[in-house]
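Everything on this sheet refers to the single structure shown next.
Below, chain A is the first sequence line, B the second, and so on; all start at residue 1.
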2 protein chains.
Amino acid sequence: MSESTEPPYARIAAELSRRIAERELTAGDKVPSTRQVAREFGVALATAAKALDVLRSEGLVITRPRSGTVVAPRRPGGAAGGPAAELTRERVLAEAVAIADAEGLEAVSMRAVAARCGVAPMSLYRHVEGKDDLVMAMSDAVYGTLVLDLDEAAPWRERITAIARALWRVHREHPWLGRVHPLTRPLPLPSLLEVGDRLLGALEDVGLAPKLQFDAHVLLYSHIVGLAANFEREDEAISDTGLSAEEWTDLQYVPAMNGSGVMARYPHFAKLFGHFGALPEGYDMDLEELFELGLGLLLDGLAALAERGRARGC
Amino acid sequence: MSESTEPPYARIAAELSRRIAERELTAGDKVPSTRQVAREFGVALATAAKALDVLRSEGLVITRPRSGTVVAPRRPGGAAGGPAAELTRERVLAEAVAIADAEGLEAVSMRAVAARCGVAPMSLYRHVEGKDDLVMAMSDAVYGTLVLDLDEAAPWRERITAIARALWRVHREHPWLGRVHPLTRPLPLPSLLEVGDRLLGALEDVGLAPKLQFDAHVLLYSHIVGLAANFEREDEAISDTGLSAEEWTDLQYVPAMNGSGVMARYPHFAKLFGHFGALPEGYDMDLEELFELGLGLLLDGLAALAERGRARGC
DNA sequence: GACAAGCGAGTACAACGTATCCGGGAGGAA
DNA sequence: TTCCTCCCGGATACGTTGTACTCGCTTGTC
């Protein structure tokens with residue numbers, strides 16, 4: 001229709017970028033393929049390809065090998081936006097982690113993940129071997145977010161504490177991790193192995209026998225993961241009952257304990273609850289505090305052990 | 001056949017009690033119902049009912065409302081009787097636990113349990129609210145098998161160790177327990193509460209602040225349960241791969257670690273493996289040993305804590 | 001006899017993980 | 001330009017899970 005002096009490929013590129021600008025095509029949508037463009041505009045394939053090249057160089061579209069060309073996201077922070085971004089292993093993992101964080105690990109079904117990716121359930125299997133693989137990869141991805149800015153010269157206790165806290169933090173942010181963890185078979189998760197390695201490095205300086213070094217690193221893991229497992233329980237129970245831990249303790253647990261001779265059957269519980277009842281807010285199970293306490297006890301114990309070993313050794 | 005002066009109901013009662021005495025009917029068996037008796041002896045329903053009344057008043061049989069009349073236990077210890085026993089909550093739980101022990105918790109499906117009971121799946125729901133209830137009840141039943149012969153006069157450390165070991169033993173025998181455990185919400189499992197109460201009792205003597213007493217009891221639980229969670233992983237992995245933990249470590253893990261620059265990426269792992277390689281049998285993760293080590297560390301720490309508290313307090 | 005009540009069984013459904021097959025677009029070869 | 005070969009994503013389907021509903025059947029009691 002319009003006759004202009006600009007070359008055909010530029011005209012086509014302009015037309016396509018108009019469609020994008022006017023939102024006929026929005027971020028994530030597939031842009032016509034080379035062949036479609038050629039047919040639609042009645043030009044040669046080479047011309048069509050050149051037009052798409054222009055768009056690509058302008059950053060308006062992104063060509064993903066073997067998958068077609070799609071409209072690029074309008075701005076970097078598209079948020080949960082691009083519902084139709086290309087399916088990649090990373091995206092699958094990210095969506096799965098998002099579901100797990102929000103609704104717990106048992107809400108992570110292949111179908112749910114697929115739905116969040118805007119994709120058929122079976123499409124996931126192109127990027128993930130199966131559910132087990134998915135969960136493992138999720139764990140690895142999450143452990144991979146762990147950042148350790150560690151002063152390698154600091155005393156061992158400080159370094160171990162830092163590593164333990166970092167691990168603890170990851171578990172706090174992803175409560176479902178507690179349910180996944182292995183241990184006896186140190187999962188070949190690269191990210192986790194790396195943290196473990198740093199931990200072993202710090203333990204080297206304690207002055208324990210090699211076997212004890214390894215034992216200690218397992219115990220520290222166990223402490224973290226064991227306590228962190230409560231996060232999941234916690235969340236699960238909150239969403240089940242709609243009560244926070246404290247509310248639950250106050251409203252359900254304490255009355256139940258007070259009722260019908262329970263106190264009589266569990267005298268020491270009763271005694272302690274007597275104490276807590278006298279406190280302003282009762283006892284609230286502060287996992288944070290428990291973690292620090294347990295960590296302190298373990299490290300104290302290790303230090304003493306090393307000390308004893310040294311005394312006997314010399 | 002026999003003509004006697006005694007009334008029909010007495011004759012019937014005598015015949016039935018003979019059957020019981022001669023073990024044609026033994027404890028727990030169903031005694032003929034009113035209707036069956038009426039048909040068998042050719043008497044009226046009322047007569048049959050009266051005969052059964054006699055047996056009931058003699059304590060030979062027990063009538064359970066809406067469930068039939070059964071022979072009373074000869075003596076208190078009737079023990080786990082026949083495979084075709086009547087469906088009771090206890091039997092359901094026992095079979096479920098048997099499955100879990102043998103094949104892991106994930107093998108415990110309602111259908112599997114029902115099959116083992118020789119019963120339709122839905123029949124279980126008469127005795128169990130649902131799967132969750134089943135699992136909770138299984139845990140409770142298993143914790144209930146825990147025996148504590150505890151010298152209440154022994155020093156606290158000894159008592160705590162004994163309780164911890166008892167709990168550990170239960171988890172060792174029922175590896176699936178590790179996957180169930182709550183904690184923040186102390187499950188209202190009576191059996192578990194009882195153990196917890198004993199533990200708190202022992203902790204009272206340590207000399208800690210009340211809150212610390214409770215914290216300590218949670219930490220001890222966490223240590224036990226956290227480590228014990230590996231039992232399940234262990235079993236699961238063994239049945240998956242057909243390798244024991246040691247074999248797995250030797251055959252899979254170590255070679256994997258040796259391969260392709262892994263050692264370079266995890267230098268401290270590498271270093272330790274160098275040590276273990278030199279040992280006769282390498283490193284084998286002995287959970288038993290880890291448990292004792294961790295328990296010792298925690299108790300040492302608590303003792304020190306109490307000591308410090310006392311020093312500051314006075 | 002009639003009665004209500006509880007038990008066990010049967011049927012059915014939704015949701016799950018996943019094996020299998022298929023259409024179609026993209027890129028390379030002819 | 002025309003095919004050929006990939007491989008992605010989709011559709012369909014199977015077997016298994018937990019469980020809601022709904023039946024008879026049998027019980028002890030009027």
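- Remark: C1' of D:dA20 and CZ of B:R126 are 12 Å apart, rounded to the nearest angstrom.
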What are the atom names and distances for every N/O pair under 3.5 Å that joins the protein to nucleotides 14-18 of chain D?
from   : atom 1 : to     : atom 2 : distance (Å)
D:dG18 : OP1    : B:K131 : NZ     : 3.1
D:dG18 : OP2    : B:M110 : N      : 2.9
D:dG18 : N7     : B:R111 : NH1    : 2.5
D:dG18 : O6     : B:R111 : NH2    : 3.1

Side-chain atoms of residues 118-133 of chain B: list all donor-acceptor pairs with protein atoms under 3.5 Å, sequence neighbours left out, distances to 0.1 Å.
from   : atom 1 : to     : atom 2 : distance (Å)
B:S123 : OG     : B:A120 : O      : 3.3
B:H127 : NE2    : B:L87  : O      : 3.2
B:K131 : NZ     : B:V108 : O      : 2.6
B:D133 : OD1    : B:R89  : NH2    : 3.4
B:D133 : OD2    : B:R89  : NH2    : 2.7
B:D133 : OD2    : B:E129 : N      : 2.9

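- One can place CG of A:D132 at 12 Å from C1' of C:dT18, the figure rounded to the nearest angstrom.
- Atom CG of A:L124 and atom P of C:dC16 are 13 Å apart (whole Å).
- Shown here are the side chain to side chain contact (heavy atoms under 4.5 Å, CB included) partners of A:A112, two or more places apart in sequence or in another chain: A:I99, A:S109.
- Distance CZ (A:R91) to C1' (D:dC8): 14 Å, rounded to an integer number of Å.
- Atom CG of B:D133 and atom P of D:dT19 are 10 Å apart (whole Å).
- Side-chain contact between B:L177 and B:V225 is absent, with no heavy-atom pair separated by less than 4.5 Å.
- Taking the side chain to side chain contact (heavy atoms under 4.5 Å, CB included) definition, one finds that B:T145 meets it with nothing, sequence neighbours left out.
- Rounded to whole angstrom, the span from the CE atom of A:M122 across to the C1' atom of C:dT20 amounts to 8 Å.
- Within the structure, every side-chain polar atom (N or O) of A:H127 is placed at least 4.0 Å from both OP1 and OP2 of D:dC8.
- Applying the side chain to side chain donor-acceptor pair (under 3.5 Å) test to A:R111 and every residue at least two apart in sequence or in another chain returns nothing.
- Under the 3.5 Å distance criterion, with hydrogens and angles disregarded, a donor-acceptor pair is assigned to the side chains of A:H171 and A:Y143.
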